Each structure stands twice: as C-alpha cells, then as structure tokens.
Undergrad: 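Before we start, here is the structure in question, set down as structure tokens.
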2 protein chains.
Amino acid sequence: MITIKDIAEMANVSRSTVSRVLNDSGYVSEEARKRVESVVKETGYAPSEYAKSLRTKKTKVIGVILPTIQTETPSRIVTGLGRELSKHGYQILLANTDHDKVKELEYLDLLKVRQVDGIVLIATNTDAKLMKKIKEINIPLVMIGQEAEDVMHVTYDDYRAVRELTRLFIQKGHEKIAFIGVDESDRAVGYYRKKGFLDEMAAQGLSVEQAWVQKAIFDIASGHEAMEKILKNTNKPTATIAVTDRLAIGAMSYLKEKGMKIPTDMAIAGIGASEMSQYMEPPLTTVDYQNEKAGEEGAKQILASIESRPLQEKIVMDYRLIIRESV
Amino acid sequence: MITIKDIAEMANVSRSTVSRVLNDSGYVSEEARKRVESVVKETGYAPSEYAKSLRTKKTKVIGVILPTIQTETPSRIVTGLGRELSKHGYQILLANTDHDKVKELEYLDLLKVRQVDGIVLIATNTDAKLMKKIKEINIPLVMIGQEAEDVMHVTYDDYRAVRELTRLFIQKGHEKIAFIGVDESDRAVGYYRKKGFLDEMAAQGLSVEQAWVQKAIFDIASGHEAMEKILKNTNKPTATIAVTDRLAIGAMSYLKEKGMKIPTDMAIAGIGASEMSQYMEPPLTTVDYQNEKAGEEGAKQILASIESRPLQEKIVMDYRLIIRESV
DNA sequence: GAACAATGTGGAATCGATTCCACAATTGAT
DNA sequence: ATCAATTGTGGAATCGATTCCACATTGTTC
C-alpha cells in the first residue's frame with residue numbers, strides 16, 4: 001500500500017510538503033505542487049483515514065442508529081442522510097437496534113468508542129435513560145422523529161397532521177371516529193398523534209368512546225386486532241384513523257374479513273405514505289412525511305453541529321395529505 | 001479522552017503491560033492483571049480503533065454496497081448481515097449506490113481507501129468492469145444475489161424456483177403462460193429466472209409467444225405497462241409469472257383496471273415474499289428467499305475470508321413457494 | 001545597508017495503540 | 001554452584017498521517 005512517504009520520494013519533496021499540497025495549507029512552490037499532484041494522480045494515492053484521524057481526531061464517519069432498516073420511514077431517512085453526507089465526504093456506520101432500547105444505549109457507547117464525528121438517532125422514544133446517555137457521550141447528535149430539549153432534532157408535525165386528517169373525516173360527515181395508536185412512550189407517533197385526534201374531536205364538539213381508541217404495536221397484525229376490538233362495541237364508529245399505514249392496512253384486512261366495505265361502512269386512513277398504501281383496495285388515504293428530505297435536513301444539522309456552525313435546533317418537516325378512495 | 005497511558009499510570013504498570021492484559025498476549029502477573037482490569041472497568045476505557053488499526057491494519061468494519069436500502073431484499077439482507085457481524089464486533093459502513101453502476105465502482109475504491117476489512121456487495125450485475133475492479137482492489141469480498149467465478153457469493157436458486165413456479169401453473173391447468181422479466185444483465189433476476197421459465201415450458205411441450213415475454217424494470221409501474229403489452233395480443237395468456245413481487249403487483253393493478261379477475265381470468269405470481277404480497281387482493285402467490293438468512297450466511301463467508309479460514313465459495317439459499325389466492 | 005516580513009522546505013514530534021527487544025528475577029535441570 | 005529456560009516488565013520503535021519548529025532564501029521598508 002502506497003503511503004505519503006512513497007509519494008514524497010517520487011515527487012522529490014518531504015512528507016510535510018506532500019501534506020501541504022494535499023491539505024492546501026502553508027506555502028508550497030508551484031513547481032513542487034505540480035510534481036506532487038502528478039504523482040498523486042498517477043498512483044491513485046489516497047491518505048489513510050485512520051492515520052489522519054489519529055492526528056486530527058476526525059473520522060469522517062457518522063453513526064446512524066435506527067430501530068429497523070426494513071420499514072419505509074427509517075429506510076427513506078437513511079437514503080436521504082446518505083445522499084447529503086456523501087456530498088461532504090462522510091460515510092454512514094449503521095447501527096440497527098431491532099427495536100431493542102438496551103441496544104440503543106449500547107450503540108451510543110459503541111459509536112463513541114468508534115469515534116464517529118456525529119450520531120443521527122432515528123428515535124422511537126425520548127426516555128430519561130436515553131437522554132442521560134446522549135448528554136454523557138457528548139458527541140454531536142441529531143434526533144429524527146422525536147422532539148427533545150437541548151438536542152438538535154428533525155420532527156414531523158404529527159399533531160397538526162392528525163388534526164387535519166380528523167377534520168377531513170368530519171368534513172365528510174363522520175362524527176363517530178375511532179383511533180388506532182401505539183404506546184405513548186413514543187411521543188411523536190404515540191402521544192402527539194393521539195392528542196391531535198382527541199383535540200380536534202373536542203374542538204368539533206364530538207365525543208370519543210373509550211373503546212374506539214385502541215393501542216397497537218407497529219405491525220399489521222396488531223392493526224387487525226385493534227379493529228376487531230373497536231367493532232366489538234355496539235356503538236360502532238364510521239371512520240378510523242390509524243397512526244401508521246401498517247396499522248391501517250391491518251385494520252382494512254379485518255374489515256374485509258367481516259365483509260365490510262371501505263369507505264362505505266368504514267372510512268380509514270393511515271400515516272406514512274407507504275408504497276403499499278397505494279395498492280391497497282381501495283387505495284389508502286395517508287399522510288406523506290417526506291422522510292428522505294428529513295434525512296437530508298438531519299444530515300445538514302449534524303454537519304453544522306460537527307463544524308460548530310449555528311443552525312436551528314429544531315426542524316419540523318412539512319407533510320401532505322394523500323386523499324385516496326379509503327375515505 | 002482516556003488513553004492507554006492514563007490506564008497504565010492508574011494501574012502502576014507500563015503501556016505494554018496494559019496492552020498485554022487487553023489482548024491477552026504475553027506474560028502478565030496475576031496481581032498486575034487484576035489492577036489493570038479493575039482500572040479498565042472503573043473508567044470504562046476502550047482503546048481507539050483508529051490507533052489500533054494503524055498498527056494492526058484491521059478496522060473491524062465491513063463495507064456493504066447496495067443498490068437501494070428501500071426495498072425488502074436489500075433491507076432484509078442488511079438486517080441479517082448486521083446481526084451476524086455485530087456478534088463478532090464488526091460494524092457496517094453503508095454504501096448506497098441508488099442503482100448507479102458508476103457509484104458501485106466508486107464505492108469499491110472508497111471502501112478500499114477506508115480500509116474496511118471486507119466488502120459485501122449486494123449485486124445487481126456482474127459486468128466485466130465490476131469484476132475487474134473487484135479483482136483490482138484485492139479486499140475480501142462476498143457477493144450476494146449474483147453468481148461470480150472466483151468470488152465468494154450467496155445466491156438464490158432463481159432457475160429452480162421459477163421452474164417450480166411454472167410447474168405449479170401448469171399443474172393448475174395453465175398452458176398459456178406469460179412472463180414479466182427485467183434486463184438480462186442482471187444474471188440472477190433477469191437471465192436465470194427467465195431461463196427457468198422457458199426451460200420448464202419447453203420441457204412440458206408448451207410454446208411461449210414472443211409477446212407474452214415482457215421486459216420491465218424494478219418498479220410497480222413497469223409491471224403495469226408490461227401487463228398492458230401482454231394483453232394487447234389477441235392470443236391471451238391465462239397466467240403470468242413476474243420476476244419480482246413489485247412487477248406482479250403492477251400487473252395486478254392493470255388487470256383490475258381492466259375489470260379482469262384474479263385468478264379467474266389471469267393467475268399471477270411474483271418473487272420476493274414482500275410484505276405487500278400478503279395484503280394484495282387477492283393475496284399474491286410468491287417465492288420466499290430468506291433474505292435475512294442470506295445476509296447471515298454472507299456475513300459468515302466474509303468473516304471466514306478475512307480470517308483466511310476455508311469456507312465454500314458458493315452458497316445457494318433455499319426458497320419456498322408461498323401459494324396464495326392469486327393462482 | 002539593515003531589519004523585518006514573506007516564502008519555501010525538511011525533519012522531529014505527536015496522535016494512541018501494538019509489538020519487539022532488552023533486561024531482571026525466578027525456577028528448574030544438571 | 002552453574003547454566004538454561006521461563007516469567008515478568010518497561011521502553012523504544014513502528015504504523016501513516018499532520019503540525020510545528022527551525023532554517024534558508026527572497027523581497028520590502030526605513
């Protein structure tokens with residue numbers, strides 16, 4: 001493997017001079033510069049990031065912690081992150097927790113040990129242990145998907161999006177609306193989406209029966225079960241908001257099993273603009289959150305943080321409703 | 001940041017002794033060992049991988065090159081890779097090409113510069129330039145999804161799977177079977193799946209009209225278009241095999257637009273066991289390739305290659321047909 | 001012409017680890 | 001008692017880069 005020593009010998013200069021050329025720092029004569037550049041070009045030489053890092057304490061690596069790579073939100077965010085980061089010569093070190101909170105904490109430690117320049121955490125919660133660990137590791141960090149004080153973050157306007165979805169149903173004449181959510185420890189998906197729903201219903205003077213509000217987990221099967229529970233009630237709703245497309249799709253599959261027609265017997269909407277939502281029958285109304293752009297914004301934030309450039313701590317992504325035939 | 005120097009001072013030994021304890025190499029007295037371990041534990045010290053790498057030429061990082069992270073095959077493979085690699089203290093450096101072949105070559109160079117210990121390439125082709133570059137960079141490399149001489153690889157038995165799918169259709173009475181493929185430069189998905197189809201049809205003495213064999217790209221919309229072209233023919237098939245679930249789903253959406261019933265008017269199957277396939281109407285018959293396990297096998301192969309342990313060059317994953325109501 | 005600043009360069013020190021060499025002490029064999 | 005092997009340890013060299021210091025030359029200002 002070619003090193004700076006070889007380049008120096010081939011260009012008839014010292015290693016310092018080669019370094020000055022590569023880094024464009026300090027005085028170098030035009031003649032020496034040309035010889036070095038020529039040798040670098042013909043050999044394809046690239047300095048060792050490891051050796052550089054030892055000296056500069058920079059690694060040009062961003063650690064990305066995510067709950068899973070297999071669903072659309074994280075995978076789109078990572079795509080956006082990668083796109084922006086590679087423009088600046090950064091690489092992504094992947095840390096997949098498989099929805100395991102303990103692993104999340106372990107990965108924060110591991111990425112510190114790995115001396116990543118920054119961390120992007122695609123977060124599912126903001127519990128006290130996590131926030132403590134984030135403070136403790138003291139590495140530039142951006143959180144995507146959850147709001148957190150004193151941590152740069154990119155969020156979606158969950159509250160407003162669900163209020164608007166709820167209004168859409170009400171405008172279509174629905175007064176009995178059900179809600180399929182997840183645990184409120186997920187502040188964004190679990191808490192704010194539910195609050196958006198309840199606040200809009202209250203604002204419109206509409207009551208919500210307790211049984212119409214179900215708590216599921218992030219998979220299709222639990223959406224199915226949640227709809228089953230909702231329909232056990234004698235006072236049945238005519239519309240349902242699910243906090244993810246998967247939950248909506250699970251709910252839809254239950255309705256179809258029962259021979260109920262969407263939207264005639266039950267209107268339904270999800271959140272996430274999954275590819276699947278488009279091809280359901282009927283196609284599912286959903287909220288598109290521009291996850292790739294969120295990734296890009298998160299990349300810009302982490303790079304600003306690494307370079308100690310001022311950038312706003314909080315970015316809220318816009319969204320758009322995609323109104324399809326399920327409502 | 002604590003270094004080995006600090007640990008040595010705190011434990012009253014030299015840095016060499018600390019290194020001997022950490023690496024379990026060479027003589028160390030029991031008393032000295034205990035003092036070092038105690039200091040390491042109380043400080044949470046972990047050596048710098050960058051400094052280690054400079055000396056040992058190992059980075060404990062595997063570069064993973066993939067065409068996209070947003071579809072199920074690559075994301076499941078990466079999940080399996082990550083699971084196995086993290087057991088051995090390795091991390092994944094992500095290199096997302098966005099289906100750009102030039103980027104694939106660039107990333108091979110970049111990962112060489114980054115001194116990853118090995119590369120896993122989730123491959124969409126095996127063209128000459130790529131094979132040349134792989135040989136040139138001379139880093140342990142495993143290819144997943146394509147077959148290649150002199151390169152360790154994990155593949156799926158595309159040929160046999162499609163032959164079996166074709167037999168299934170024939171056993172159900174279909175004689176006029178269409179095929180929606182992709183470009184044959186993708187040897188696995190494009191060439192071998194098509195060959196499996198054509199060989200089985202020939203073996204069963206069944207002819208295939210040229211217009212029944214369409215070439216699409218890897219998205220739902222082109223499956224839609226391919227089915228449209230197939231049905232322009234006056235001699236219409238009664239079944240269609242698509243080489244991916246997405247293409248099958250696209251084809252289904254065209255059939256539904258035309259008011260045709262699945263499987264009554266057209267039976268259809270895809271490959272990939274996407275989550276979507278389960279929730280289509282009717283649920284799509286598909287082939288499940290165990291992508292996560294392929295990732296785990298690929299991880300084992302790359303680790304064996306890094307450690308110069310003998311392991312078979314070629315692993316072919318098993319598959320299973322998931323027969324649903326679309327046939 | 002002298003003093004100071006700018007230009008250009010090479011080599012040592014440094015980053016944080018591993019590894020090897022040299023040395024000392026202990027133990028075992030003769 | 002002597003010699004060889006084993007045990008245990010510290011410090012220098014090394015990995016490949018960056019950075020700073022020292023030195024030499026050239027140009028500018030007074």
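Residue numbers start from 1 in every chain, and the chains themselves are labelled A, B, ... in the order their sequence lines are given, proteins ahead of strands. Please read these numbers as outputs of a predicted model, since none were measured by experiment.
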Undergrad: Roughly what angle, to 10°, lies between the helix axis at the start of the helix from C/dG1-D/dC30 to C/dT30-D/dA1 and the one at its end, five pairs per end?
TA: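 Between the axes fitted at each end of the helix from C/dG1-D/dC30 to C/dT30-D/dA1 lies an angle of 50°.
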
Undergrad: Between A/Arg76 and A/Asn291, is there a donor-acceptor pair closer than 3.5 Å when you use the side chain of the first and the backbone of the second?
TA: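 Flag not set: sc A/Arg76 to bb A/Asn291 has no pair under 3.5 Å.
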
Undergrad: Taking CD from A/Gln115 and P from C/dC15, how many angstroms apart are they, rounded to a whole number?
TA: 14 Å

Undergrad: Looking at every heavy atom in both B/Lys112 and B/Ile137, which two are closest together, and how far apart are they?
TA: NZ-O, 2.8 Å

Undergrad: Measuring from atom CD of B/Glu106 to atom CG of B/Asp100, what distance do you get when rounded to the nearest 0.5 angstrom?
TA: 7.0 Å

Undergrad: Grab the N/O contacts between the protein and nucleotides 25-28 of chain C below 3.5 Å, and write none if there aren't any.
TA:
none

Undergrad: Testing the basics here: between A/Gln146 and A/His153, what is the closest heavy-atom pair and its distance to 0.1 Å?
TA: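 Here A/Gln146 and A/His153 meet closest at O-CB, 3.5 Å.
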
Undergrad: If you look only at distance, which donor and acceptor atoms sit under 3.5 Å apart when one is on a side chain in residues 128-135 of chain A and the other is two or more places apart or in another chain?
TA:
| residue | atom | partner | partner atom | Å |
| --- | --- | --- | --- | --- |
| A/Lys133 | NZ | A/Asp109 | OD1 | 3.1 |
| A/Lys133 | NZ | A/Asp109 | OD2 | 2.8 |
| A/Lys133 | NZ | A/Glu136 | OE2 | 3.3 |

Undergrad: Measure from CD1 on A/Ile4 to P on C/dG10 and round the result to the nearest Å.
TA: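 Spelled out: CD1 on A/Ile4 to P on C/dG10 is 12 Å.
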
Undergrad: Specify the separation, in whole Å, of atom CG of A/Leu54 and atom P of C/dA17.
TA: 9 Å

Undergrad: Answer yes or no: are there more than 12 heavy-atom neighbours, outside B/Glu31 itself, under 6.0 Å from its atom CD?
TA: no

Undergrad: For side chain to side chain contact (heavy atoms under 4.5 Å, CB included), just list the numbers for A/Leu110 and B/Gln91, CA-CA rounded to whole Å, side-chain angles, deciding distance to a tenth of an Å, and then say yes or no.
TA: CA-CA 10 Å; A/Leu110 184 141; B/Gln91 256 62 64; 3.5 Å; yes

Undergrad: So does A/Glu149 have more than 12 non-hydrogen atoms from other groups sitting under 6.0 Å from CD?
TA: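 Open.
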
Undergrad: Of all of residues 23-35 of chain B, which get a heavy atom below 4.0 angstrom from DNA chain D, listed by number?
TA: B/Tyr27, B/Val28, B/Ser29, B/Ala32

Undergrad: Rounded to the Å, how far apart are A/Lys57 NZ and C/dA17 C1'?
TA: 11 Å

Undergrad: Measure the spacing between CD of B/Gln115 and OH of A/Tyr50 and express it to the nearest 0.5 Å.
TA: 7.0 Å

Undergrad: Can you measure from OH (A/Tyr107) to CZ (A/Arg114) and round to the nearest 0.5 angstrom?
TA: 10.5 Å

Undergrad: Kindly state which residues belonging to residues 5-20 of chain B come within less than 4.0 angstrom of DNA chain D, counting heavy atoms of the residue only, listed by number.
TA: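 Per residue number, the list reads B/Val13, B/Ser14, B/Ser16, B/Thr17, B/Arg20.
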
Undergrad: Verify the distance criterion only: is there a donor paired with an acceptor across the side chains of B/Tyr191 and B/Asp158 at less than 3.5 Å?
TA: no

Undergrad: Consider the side chain of A/Arg55, meaning its heavy atoms from C-beta on, and name the nucleotide among C/dT14, C/dG16, D/dG16 that approaches it most closely.
TA: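 Looking only at side-chain atoms, A/Arg55 lies closest to C/dT14.
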
Undergrad: If only side-chain N and O atoms count, and only distance matters, is there a donor-acceptor pair under 3.5 Å linking B/Ser14 with B/Thr17?
TA: yes

Undergrad: To check you understand the geometry: which heavy-atom pair defines the closest contact between B/Met143 and B/Ala148, and what is its length?
TA: SD-CB, 3.8 Å

Undergrad: Would you say the side-chain atoms of A/Gln70 and B/Glu292 include a donor-acceptor pair closer than 3.5 Å?
TA: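 Yes, because at least one side-chain N or O of A/Gln70 sits under 3.5 Å from a partner of the opposite role on B/Glu292.
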
Undergrad: May I have the distance from B/Ile2 (atom CD1) to C/dA17 (atom C1'), rounded to whole angstrom?
TA: 15 Å

Undergrad: Would B/Asp117 and B/Thr59 count as having a side-chain donor-acceptor pair, cut-off 3.5 Å?
TA: yes

Undergrad: Check nucleotides 23-29 of chain D for protein N or O atoms closer than 3.5 Å to its own N or O atoms and list the pairs.
TA:
none

Undergrad: Indicate whether OP1 or OP2 belonging to D/dC15 is found under 4.0 Å from a side-chain N or O atom of B/Lys52.
TA: no

Undergrad: Please check: side-chain N/O of A/Asn23 versus main-chain N/O of A/Ser25, any donor-acceptor pairing under 3.5 Å?
TA: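 Checked: no pair found.
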
